[in-house]
Amino acid sequence: MATKKIIIVSTDFGVEQPEIVVPATKLKELGHEVVVATPSGEDVQTFVGDKDRGEVFPVDAKLSQASGPFDVVVLPGGTLNSDAARMDPEIQSIVKSQAEAGRTVAAICHAPWVLVETGLAEGKTLTGYDSVRTDLKNAGATVVDEQAKVCTANGWTLITSRNPDDLDAFVKAIDEA
């Protein structure tokens, strides 16, 4: 399996702790080059269950200074993070550019909100957290209830998962993409 250059993109507040820690750790252990970046360049204040503060997770770069191209852009969830990420022009731009270049985007839990906001959900088959599924359907996506869904429609690969319980399947799909 070839080494991939992967960027995990989030805001600096409100990420569901395992959804950034597990992919960053496991993808590095699998031998991939992983960069964690936020638009502010500040470390990430994670949360557990969207309500209790978790660890502060270190970032490697400010998003504007992260040097791509990347084989995979990973979007961790967490309600607060994902709601802010969907409105962030820099995050929207990197996700749109990744899809337009035919490269892989991976999003877990609430992170598919970014796909709704950028118009990239339309025509894709994906999954996400229960409370975002109506938004995904309204954006033109076909929604399934699976641990990890890989969709290659529209000329680019999208990997999605529902919640932290799906992280092993999510990381495996990213590794195999």
Side-chain angles (χ1 to χ4, degrees), residues 6-24 36-40 42 44-51 54 57 59 63-64 66 70 72-101 103-154 156-167 169-171 173-174 177:
I6 299 170
I7 186 168
I8 299 176
V9 177
S10 78
T11 66
D12 56 26
F13 188 82
V15 176
E16 186 65 27
Q17 182 173 295
E19 293 175 8
I20 193 166
V21 173
V22 172
V36 178
T38 60
S40 68
E42 298 293 320
V44 179
Q45 174 61 63
T46 69
F47 278 72
V48 178
D50 272 335
K51 61 183 176 14
F57 194 77
V59 302
L63 187 54
S64 63
F70 295 94
V72 184
V73 170
V74 177
L75 302 170
T79 308
L80 295 171
N81 167 63
S82 298
D83 193 47
R86 72 192 275 179
M87 300 308 295
D88 187 286
E90 222 176 342
I91 293 175
Q92 288 180 5
S93 177
I94 192 169
V95 172
K96 281 195 259 187
S97 296
Q98 186 78 357
E100 288 167 1
R103 293 189 296 266
T104 302
V105 174
I108 188 167
C109 201
H110 288 79
W113 270 341
V114 174
L115 306 170
V116 170
E117 214 57 48
T118 56
L120 293 170
E122 186 173 357
K124 297 298 262 186
T125 299
L126 65 155
T127 194
Y129 194 72
D130 294 347
S131 65
V132 304
R133 292 182 187 173
T134 299
D135 296 337
L136 295 168
K137 288 175 190 169
N138 290 340
T142 300
V143 180
V144 296
D145 186 14
E146 296 177 20
Q147 281 192 319
K149 179 61 185 169
V150 178
C151 177
T152 57
N154 303 340
W156 59 282
T157 299
L158 174 63
I159 300 165
T160 51
S161 285
R162 303 170 298 191
N163 58 55
D165 293 338
D166 298 337
L167 280 164
F170 185 62
V171 169
I174 293 168

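Just so we're clear, the structure is a prediction, and the values are computed from it rather than from any experiment.
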J.: Determine which pairs satisfy salt bridge (Lys or Arg N to Asp or Glu O under 4.0 Å) with at least one residue from residues 12-22, sequence neighbours left out, and list them in order.
T.: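 Matches after skipping sequence neighbours: none remain.
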J.: Which value, rounded to the nearest 0.5 Å, describes the distance between Leu136 atom CG and Thr160 atom OG1?
T.: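 Answer for the CG-OG1 pair, Leu136 versus Thr160, is 8.5 Å.
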J.: To check you understand the geometry: which heavy-atom pair defines the closest contact between Pro76 and Val15, and what is its length?
T.: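 Scanning both residues, the minimum pair turns out to be CB-CG1, 3.8 Å.
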J.: Going by side chain to side chain contact (heavy atoms under 4.5 Å, CB included), name the residues that satisfy it together with Phe47, two or more places apart in sequence or in a different chain.
T.: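 Result, side chain to side chain contact (heavy atoms under 4.5 Å, CB included) vs Phe47: Phe13, Gln45, Arg53.
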J.: Please name all residues satisfying side chain to side chain donor-acceptor pair (under 3.5 Å) with Gln17, sequence neighbours left out, ordered by chain then number.
T.: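 In terms of side chain to side chain donor-acceptor pair (under 3.5 Å), with neighbours along the sequence ignored, Gln17 is linked to Thr46.
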J.: Keeping Ser82 on the side-chain end and Thr79 on the backbone end, is there a donor-acceptor pair under 3.5 Å?
T.: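 Pair absent, no side-chain N/O of Ser82 close to backbone of Thr79.
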J.: Under the salt bridge (charged side-chain N to carboxylate O under 4.0 Å, His left out) rule, collect the residues that match up with Asp130, sequence neighbours excluded.
T.: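 Applying salt bridge (charged side-chain N to carboxylate O under 4.0 Å, His left out) to Asp130 gives Arg133.
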J.: Mind checking what makes salt bridge (charged side-chain N to carboxylate O under 4.0 Å, His left out) contact with Asp135, not counting sequence neighbours?
T.: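 Salt bridge (charged side-chain N to carboxylate O under 4.0 Å, His left out) list for Asp135, sorted by chain: empty.
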J.: Of all residues at least two apart in sequence or in a different chain, which pass the side chain to side chain contact (heavy atoms under 4.5 Å, CB included) check with Asp88?
T.: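 Checked Asp88 against side chain to side chain contact (heavy atoms under 4.5 Å, CB included); matches are Pro39, Glu90, Ile91.
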J.: Where do Phe57 and Ala24 come nearest, in terms of heavy atoms and distance?
T.: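 Closest approach of Phe57 to Ala24: CZ-CB, 3.7 Å.
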J.: Look up atom CG in Asn163 and atom CD1 in Ile108, then write down how far apart they are to the nearest 0.5 Å.
T.: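 Spacing of CG (Asn163) from CD1 (Ile108) equals 6.5 Å.
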J.: Among residues two or more places apart or on two chains, list those pairs meeting ring pair (Phe, Tyr, Trp, His ring centres under 6.0 Å) that have a residue in residues 116-143.
T.: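 Non-adjacent pairs meeting ring pair (Phe, Tyr, Trp, His ring centres under 6.0 Å): His110-Tyr129.
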J.: Can you name the residues that form a side chain to side chain donor-acceptor pair (under 3.5 Å) with Asn154, not counting sequence neighbours?
T.: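 Partners of Asn154 under the side chain to side chain donor-acceptor pair (under 3.5 Å) test: none.
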J.: Write down the atom of Ala153, the atom of Gly123, and the distance for their closest heavy-atom approach.
T.: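 That would be CB-O, 3.6 Å.
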J.: For Ser97, which residues count as a side chain to side chain contact (heavy atoms under 4.5 Å, CB included) partner, sequence neighbours excluded?
T.: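 Only Ser93 meet the side chain to side chain contact (heavy atoms under 4.5 Å, CB included) criterion with Ser97.
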J.: Out of curiosity, Leu126 CG to Lys137 NZ, how far, rounded to the nearest 0.5 Å?
T.: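 Going from CG on Leu126 over to NZ on Lys137, the span is 11.0 Å.
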J.: Can you name the nearest heavy-atom pair linking Pro18 to Pro23, along with the distance?
T.: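 Taking every non-hydrogen atom into account, O-CD, 3.4 Å.
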J.: Give me the one residue out of Thr11, Asn81, Thr38 that meets side-chain contact (heavy atoms from CB on, under 4.5 Å) with Val44.
T.: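 Passing option: Thr38.
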J.: Provide the full list of salt bridge (Lys or Arg N to Asp or Glu O under 4.0 Å) pairs with a residue in residues 111-126, sequence neighbours left out, each pair given once.
T.: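 Every salt bridge (Lys or Arg N to Asp or Glu O under 4.0 Å) pair that includes a residue of residues 111-126, provided the two are not neighbours, is Arg86-Glu117.
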J.: If you compare all heavy atoms of Phe70 against all heavy atoms of Ile6, which two are closest, and at what distance to 0.1 Å?
T.: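 That closest heavy-atom pairing would be CD2-C, 3.9 Å.
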J.: With a 4.5 Å heavy-atom cut-off, do Leu80 and Asp50 have their side chains touching?
T.: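 Not touching, per the 4.5 Å side-chain cut-off.
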J.: Between atom CG of Leu158 and atom CG of Leu120, what is the distance when rounded to the nearest 0.5 Å?
T.: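 CG of Leu120 is found 8.5 Å from CG of Leu158.
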J.: Do you know the tightest heavy-atom contact between Asp165 and Gln147?
T.: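 Nearest heavy atoms, Asp165 then Gln147: O-NE2, 4.2 Å.
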J.: According to side chain to side chain contact (heavy atoms under 4.5 Å, CB included), who are the partners of Val144, at least two apart in sequence or on a separate chain?
T.: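 So Val144 forms a side chain to side chain contact (heavy atoms under 4.5 Å, CB included) with Thr125, Thr127, Glu146, Lys149.
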J.: When rounded to the nearest 0.5 angstrom, what is the spacing between CH2 in Trp156 and CD in Glu100?
T.: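 The CD atom of Glu100 is 10.5 Å from CH2 of Trp156, to the nearest 0.5 Å.
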J.: Excluding sequence neighbours, so at least two apart, what forms side chain to side chain donor-acceptor pair (under 3.5 Å) with Thr104?
T.: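 For Thr104, no residue satisfies side chain to side chain donor-acceptor pair (under 3.5 Å) once neighbours in sequence are set aside.
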